[in-house]
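Throughout, numbering of the chain's residues begins at 1 and tracks the sequence.
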Amino acid sequence: QVQLVESGGGSVQAGGSLRLSCAVSGNTYSSNCMAWFRQAPGKEREGVASIYIDGETTYFGDSVKGRFTISQDNAENMLYLQMASLKPEDTAMYYCAADSFDSELRCAMVAGLGGYGFHYWGQGTQVTVSS
């Protein structure tokens, strides 16, 4: 089992920045793929970003490319999402997720398809961007 706890959400004005954190505990060695997802009311869950255990293979959703970065600190069992140039349409509940896939490409693909395949999820942290 893997436990995930997100933090760092909040309210910010458009153009601002936030950094989300995800603390990973439990059987961390069972996961080689970490990702961030978001879901706004009335909308489908969207893959925001993912990172494979190699730290090099990443995925970013089209709507966040160039504005968000994903990183991990394996020594501290932490996952981060640095968000910049925030827009009102970034308002959503943000979730951290983890699982193990057979390749870095599958990690990115599953994330890009909304994460229906990730077994471990955090409780979410709310991000609200005002105009």
*Asks:* Could you note down all residue pairs passing ring pair (Phe, Tyr, Trp, His ring centres under 6.0 Å) where residues 42-77 supplies at least one of them, sequence neighbours left out?
*Replies:*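 Every pair satisfying ring pair (Phe, Tyr, Trp, His ring centres under 6.0 Å) with a residue in residues 42-77: there are none.
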*Asks:* Any side chain to side chain donor-acceptor pair (under 3.5 Å) involving residues 77-87? Give me the pairs, sequence neighbours left out, ordered by first then second residue.
*Replies:* none
*Asks:* Working to the nearest 0.5 Å, report the span between CD1 of Ile70 and OG of Ser50.
*Replies:*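 Between atom CD1 of Ile70 and atom OG of Ser50 there are 6.0 Å.
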*Asks:* May I ask you to list the residues sharing a hydrophobic cluster with Leu105, side-chain cutoff 4.5 Å, ordered by chain and number?
*Replies:* none
*Asks:* Show every donor-acceptor pair shorter than 3.5 Å between a side-chain atom in residues 109-124 and any protein atom, with sequence neighbours excluded, or say none if there are none.
*Replies:*
from, atom 1, to, atom 2, distance (Å)
His119, ND1, Asp99, OD2, 2.5
Trp121, NE1, Phe118, O, 2.9
Gln123, NE2, Glu6, O, 3.4

*Asks:* Mind checking side chain to side chain donor-acceptor pair (under 3.5 Å) for Thr57 and listing every partner two or more places apart, or none if nothing turns up?
*Replies:* Asp54
*Asks:* Under the salt bridge (charged side-chain N to carboxylate O under 4.0 Å, His left out) definition, can you give me all pairs with a residue in residues 66-78, not counting sequence neighbours?
*Replies:* Arg67-Asp90
*Asks:* Identify, with sequence neighbours excluded, every residue that meets salt bridge (Lys or Arg N to Asp or Glu O under 4.0 Å) alongside Lys65.
*Replies:*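 Per chain and number, Lys65 pairs via salt bridge (Lys or Arg N to Asp or Glu O under 4.0 Å) with Asp62.
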*Asks:* Main chain of Lys43, side chain of Gln39: is a donor-acceptor contact present, judged purely on distance under 3.5 Å?
*Replies:* yes
*Asks:* If we only count heavy atoms from C-beta on, is the Val24 to Met34 side-chain gap below 4.5 Å?
*Replies:*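 Result yes, sub-4.5 Å side-chain heavy-atom pair found.
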*Asks:* Ignoring hydrogens, what is the shortest heavy-atom contact between Val2 and Ser31? Give both atom names and the distance.
*Replies:* CG2-OG, 3.7 Å
*Asks:* Just grab all the salt bridge (charged side-chain N to carboxylate O under 4.0 Å, His left out) pairs involving residues 106-131, residues at least two apart or on different chains.
*Replies:* Asp102-Arg106
*Asks:* Hey, quick one: are Val48 and Leu4 part of the same hydrophobic cluster, counting side-chain heavy atoms closer than 4.5 Å, chains of contacts allowed?
*Replies:* yes
*Asks:* Are Tyr95 and Val127 in one and the same hydrophobic cluster, where Ile, Leu, Val, Met, Phe, Trp and Tyr link if side-chain heavy atoms are under 4.5 Å apart?
*Replies:* no
*Asks:* Applying disulfide bond (SG atoms under 2.5 Å apart) as the test, list every pair that has at least one member in residues 44-101; sequence neighbours left out.
*Replies:*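 Checked against disulfide bond (SG atoms under 2.5 Å apart) - neighbours excluded - the pairs reaching residues 44-101 are Cys22-Cys96.
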*Asks:* Going through the checks in order, is the side-chain contact (heavy atoms from CB on, under 4.5 Å) test met by Ser7 and Thr125?
*Replies:* CA-CA 6 Å; Ser7 61; Thr125 185; 5.7 Å; no
*Asks:* Mind checking the CG-CD spacing from Leu86 to Glu89? Nearest 0.5 Å is all I need.
*Replies:*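 Reported value, rounded in 0.5 Å steps: 10.0 Å.
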*Asks:* Keeping to residues at least two apart or across chains, list the disulfide bond (SG atoms under 2.5 Å apart) pairs with something in residues 24-86.
*Replies:*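 For residues 24-86, and leaving out neighbouring residues, the disulfide bond (SG atoms under 2.5 Å apart) pairs sorted by first residue read Cys33-Cys107.
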*Asks:* Within a strict 4.5 Å, meaning less than it, do heavy atoms of the Asn27 and Gln1 side chains meet?
*Replies:*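 A side-chain contact is absent here, since even the closest heavy-atom pair is not under 4.5 Å.
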*Asks:* Using only atom types and a distance under 3.5 Å, with no angle test, would you say the side chain of Thr91 pairs donor to acceptor with the backbone of Val129?
*Replies:* yes
*Asks:* Going hydrophobic residue to hydrophobic residue with side-chain gaps under 4.5 angstrom, can you get from Leu81 over to Phe37?
*Replies:*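 Leu81 and Phe37: separate clusters.
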*Asks:* Below 3.5 Å, can you tabulate the donor-acceptor pairs from side chains in residues 8-20 to any protein atom, sequence neighbours excluded?
*Replies:*
none

*Asks:* Partners of Tyr94 by side chain to side chain donor-acceptor pair (under 3.5 Å), sequence neighbours excluded?
*Replies:*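 Partners of Tyr94 by the side chain to side chain donor-acceptor pair (under 3.5 Å) criterion, ordered by chain and then number, come out as Arg38.
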*Asks:* So which atom in Gln126 and which in Ala92 form the shortest heavy-atom distance, rounded to 0.1 Å?
*Replies:* NE2-O, 3.4 Å
